[in-house]
Amino acid sequence: MAAGSLAAAFGWGALLAGLLQGVPLAADGHVTGVGHAVTPFTALAGLAMAALMAAHGATFLTLRLPAEAAGPLTRTARRLVAAALAAVALAAVADLLSDRVRAATQRPLPAVLLPFVLVAALPAARAALGRRRPGVAFAATSAALALPVAGVGAALWPYALVSTVAPTASLSVADAAASGPTLTLLGWLVLPLLPALLGFQAMCWWVFRGRTDGRTPVYW
């Protein structure tokens with residue numbers, strides 16, 4: 001299970017990096033080959049995402065496990081956050097040095113600023129763990145995990161896929177979106193479903209808000 005989770009995390013990081021450096025999207029809408037996805041940047045981004053996931057998971061456990069078990073785990077979480085910081089820094093350097101990333105980026109400012117925000121979130125998480133504030137640390141690692149997705153989206157906007165072989169073949173967000181009638185139908189479905197989903201999620205968080213012990217309720 002651990003190996004599968006690490007592979008999934010690595011894959012998400014490599015996928016985001018692959019989108020950021022552009023894809024060989026031809027005019028007929030097909031991507032040619034898979035070799036473009038294997039670059040030092042995608043490998044470092046995959047390792048960075050795996051390290052982020054490990055640090056986030058350990059931080060979550062410090063928030064949920066009993067206080068007597070959370071103490072030793074806090075030290076492990078702080079070491080994992082430090083490792084994630086190093087991995088993210090290496091990936092950010094590879095990002096800035098990549099010619100393909102620079103060519104595919106449509107909005108350079110978010111592409112440069114958001115990695116710095118991500119790097120700043122990790123020391124904040126480590127400091128919060130040192131002060132025995134796992135909730136703050138968990139919020140910081142959660143932000144660090146969300147920032148890569150936001151960064152890639154902001155850097156490529158208004159495109160979802162940037163073509164490295166035919167610039168006119170790049171797929172815009174508007175073209176990738178569903179049709180107007182479909183979005184209208186989904187919009188009406190969201191009205192009753194979204195409050196129910198948010199309410200159920202809020203209930204789950206409330207029920208499991210404390211640390212795990214023998215009295216902790218289980219899902220029905």
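Quick note: numbers below take in every heavy atom, side chains included, and nothing from hydrogens, waters or symmetry partners. Keep in mind that what you see is a predicted model, and the values were worked out from it rather than measured. When a residue number appears, it is its place in the shown sequence, counting from 1.
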Checking L186 now: which residues fulfil side-chain contact (heavy atoms from CB on, under 4.5 Å) with it, not counting sequence neighbours? T182, L189

How far does CZ of R126 sit from CZ of R79, to the nearest 0.5 angstrom? 9.5 Å

Indicate the atoms forming the closest heavy-atom contact of L156 with L19, along with that distance. CD1-O, 3.4 Å

Where the side chain of S172 meets the backbone of D175, is there a donor-acceptor pair that is under 3.5 Å apart? yes

Same cluster or not: L47 versus L15, using hydrophobic residues (I, L, V, M, F, W, Y) connected whenever any side-chain heavy atoms lie under 4.5 Å apart? no

Show which side-chain atoms of residues 136-154 pair as donor or acceptor with protein atoms under 3.5 Å away, not counting sequence neighbours.
from: T141; atom 1: OG1; to: H56; atom 2: ND1; distance (Å): 2.9
from: T141; atom 1: OG1; to: A137; atom 2: O; distance (Å): 3.3
from: T141; atom 1: OG1; to: F138; atom 2: O; distance (Å): 3.0
from: S142; atom 1: OG; to: F138; atom 2: O; distance (Å): 2.8

Within the 3.5 Å criterion, strictly below it, is a donor on Q21 or S98 matched to an acceptor on the partner's side chain? no

Is there a path from L85 to L114 through hydrophobic residues (I, L, V, M, F, W, Y) whose side chains come within less than 4.5 Å of each other? yes

Residues P134 and T59: closest non-hydrogen pair is O-CG2, 4.3 Å

Under a 4.5 Å side-chain heavy-atom rule over Ile, Leu, Val, Met, Phe, Trp and Tyr, are L16 and F10 clustered together? no

For L129 versus A77, what's the shortest heavy-atom pair and its separation? CD1-CB, 3.8 Å

side-chain contact (heavy atoms from CB on, under 4.5 Å) filter on V190, not counting sequence neighbours, yields L194

Give me the atom names and distance for the closest heavy-atom approach of A58 to L73. O-CD2, 4.0 Å

Using 0.5 Å steps for rounding, measure from the CZ atom of R78 to the OG1 atom of T62. 11.5 Å

Applied to residues 156-187, the ring-ring contact (aromatic ring centres under 6.0 Å, His included) test, sequence neighbours excluded, yields none

Once you round to the nearest 0.5 Å, how far does CG of L52 lie from CG of L122? 5.5 Å

Establish whether L6 and L80 are linked, either directly or via other cluster members, by ILVMFWY side-chain heavy-atom contacts under 4.5 Å. no

When rounded to the nearest 0.5 angstrom, what is the spacing between CG in L20 and OG1 in T42? 11.0 Å

The remaining residues in the hydrophobic cluster of L97, counting side-chain heavy-atom contacts under 4.5 Å among Ile, Leu, Val, Met, Phe, Trp and Tyr, are V93

What is the minimum heavy-atom distance between S163 and S170, and which atoms define it? N-OG, 2.9 Å

Output every pair passing ring-ring contact (aromatic ring centres under 6.0 Å, His included) with a member in residues 68-112, not counting sequence neighbours, ordered by first then second residue. none

Where do A9 and A50 come nearest, in terms of heavy atoms and distance? CB-CA, 3.8 Å

Hydrophobic cluster membership, W12 vs V88, 4.5 Å side-chain cutoff: yes

Could you give the distance from CG (L90) to CZ (F41), rounded to the nearest 0.5 Å? 12.0 Å

